[in-house]
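Notes to accompany the following structure.
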Protein chains: 2
Amino acid sequence: MNIGEAAAASGVSAKMIRYYESILLLPAAGRRDSGYRDYGEEDVHRLSFVRRARDLGFSIEQIRSLLALWTDTGRSNADVRAIARTHLREMEEQARKLAAMIGTLKTLIGSCETGKRSACPIIEELGDHRPAPAAPVKPRRRAA
Amino acid sequence: MNIGEAAAASGVSAKMIRYYESILLLPAAGRRDSGYRDYGEEDVHRLSFVRRARDLGFSIEQIRSLLALWTDTGRSNADVRAIARTHLREMEEQARKLAAMIGTLKTLIGSCETGKRSACPIIEELGDHRPAPAAPVKPRRRAA
DNA sequence: GTAATCCTTCCCATCATTGGAAGGTCAAGC
DNA sequence: GCTTGACCTTCCAATGATGGGAAGGATTAC
């Protein structure tokens, strides 16, 4: 099958398939006389694997490792788990930060709701930390 | 003060300050005879505003709107809330997806933990949806 | 006066993905 | 046959936000 069909079958766009091939995430596809790339069951299978991994938020480099483990029949589950755990920690950290941002925003929106005109804390909070020397300013040799 | 000091005072890197100016997020800074950019209290204030908004995950375009509202003394709290709420919804959606991914990954890691060699579900799940004709592959003439 | 540190502009890289242009190929209808 | 249009090819560029670095001028501490 050609790249368009492989794309439809795997859920990875043709653009992305070519890109993945170019960065050597995927082996170079076979070619027909016309120059068209030719894909088989196995290829679609691998593409689907990549698609699922991307959906789970794995980076290309992580997927590269996972693919190697997948292909390598001698891989150990421990190796796979290690990659997954690392990624899990990253995602949990990301979730933590996101939750904090959401909390702050909710608070601000809530206060703004009840506040009167021109006292919206979203604006005030963002802008009015004036006394802020804020950052560890290395004095530079005087100036200002 | 020059750009380095403004950067330290606001928490926005000099690189970013120049970038923000180039995309017209910030007004062009005044220049000294030397060509150096010159910043004052007001500028640092605005930079801090941007910094805080970025920390809350607002996009540059959203910050552009917020800055306009901030500058505009006639702005209404409702406008500000609208932007904040939109952003909040986006973040909550993002958090939802992230939580789902984390849940899936945790399950996979957990199963892998107890599973025996070469039966790691992380690999199996990702790859073994083999019976997959997977997608409705109509003979030809289809888009991805 | 000199050396160190700042500043300036400009270009490049990232990460994953999409868009488009220019041109070749395939499968169908007439 | 020939046309049509969907498909494929490669290459180049852009996105968003940021960082890295080069080349050269300005400022400042000593």
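Letters A, B, ... are given to chains in the order of the sequence lines, protein chains preceding strands, and every chain is numbered from 1.
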Taking [atom1] from [X] and [atom2] from [N], how many angstroms apart are they, rounded to a whole number?
{"X": "A/Ile3", "N": "D/dA6", "atom1": "CD1", "atom2": "C1'", "value": "15 Å"}
{"X": "A/Arg32", "N": "C/dT25", "atom1": "CZ", "atom2": "P", "value": "13 Å"}
{"X": "A/Gln62", "N": "C/dA16", "atom1": "CD", "atom2": "C1'", "value": "14 Å"}
{"X": "A/Ile60", "N": "C/dT14", "atom1": "CD1", "atom2": "P", "value": "14 Å"}
{"X": "B/Ile63", "N": "D/dA17", "atom1": "CD1", "atom2": "C1'", "value": "11 Å"}
{"X": "A/Met1", "N": "C/dA27", "atom1": "CE", "atom2": "C1'", "value": "19 Å"}
{"X": "A/Asp38", "N": "C/dT25", "atom1": "CG", "atom2": "P", "value": "16 Å"}

Report yes if at least one side-chain N or O of [X] is closer than 4.0 Å to OP1 or OP2 of [N]; otherwise report no.
{"X": "B/Asn2", "N": "C/dC6", "value": "no"}
{"X": "A/Ser13", "N": "C/dT18", "value": "yes"}
{"X": "B/Ser34", "N": "D/dT27", "value": "yes"}
{"X": "B/Arg37", "N": "C/dC7", "value": "no"}
{"X": "A/Arg54", "N": "C/dT17", "value": "yes"}
{"X": "A/Arg31", "N": "D/dC8", "value": "no"}

Partners passing side chain to side chain contact (heavy atoms under 4.5 Å, CB included) against [X] (at least two apart in sequence or in another chain):
{"X": "B/Glu92", "value": "A/Ile102, A/Lys106, B/Leu88"}
{"X": "B/Ser65", "value": "B/Ile83"}
{"X": "B/Arg96", "value": "B/Glu93"}

message: Tell me which residues in residues 87-99 of chain A lie within less than 4.0 Å of DNA chain D, going by non-hydrogen atoms.
response: none

query: Is the closest side-chain heavy-atom distance between B/Arg64 and B/Leu24 below 4.5 Å?
result: yes

Non-hydrogen atoms of [X] and [Y] that approach each other most closely:
{"X": "B/Val50", "Y": "B/Ile63", "result": "O-CD1, 4.0 Å"}
{"X": "B/Met91", "Y": "A/Leu105", "result": "CE-CD1, 3.3 Å"}
{"X": "B/Ser48", "Y": "B/Ser10", "result": "OG-CA, 3.8 Å"}

statement: In numerical order, the residues of residues 15-25 of chain A whose heavy atoms come under 4.0 Å of DNA chain C are A/Lys15, A/Met16, A/Tyr19, A/Tyr20

task: Spell out yes or no: do the side chain of A/Tyr36 and the base of D/dC7 have one donor N/O and one acceptor N/O closer than 3.5 Å?
output: yes

- request: Only pairs at least two apart or in different chains count here, so list each salt bridge (Lys or Arg N to Asp or Glu O under 4.0 Å) that has a residue in residues 11-20 of chain A.
  value: none

- request: In plain terms, say whether B/Arg46 and B/Asp43 are close enough for a salt bridge, that is, a side-chain N and a carboxylate O under 4.0 Å apart.
  value: yes

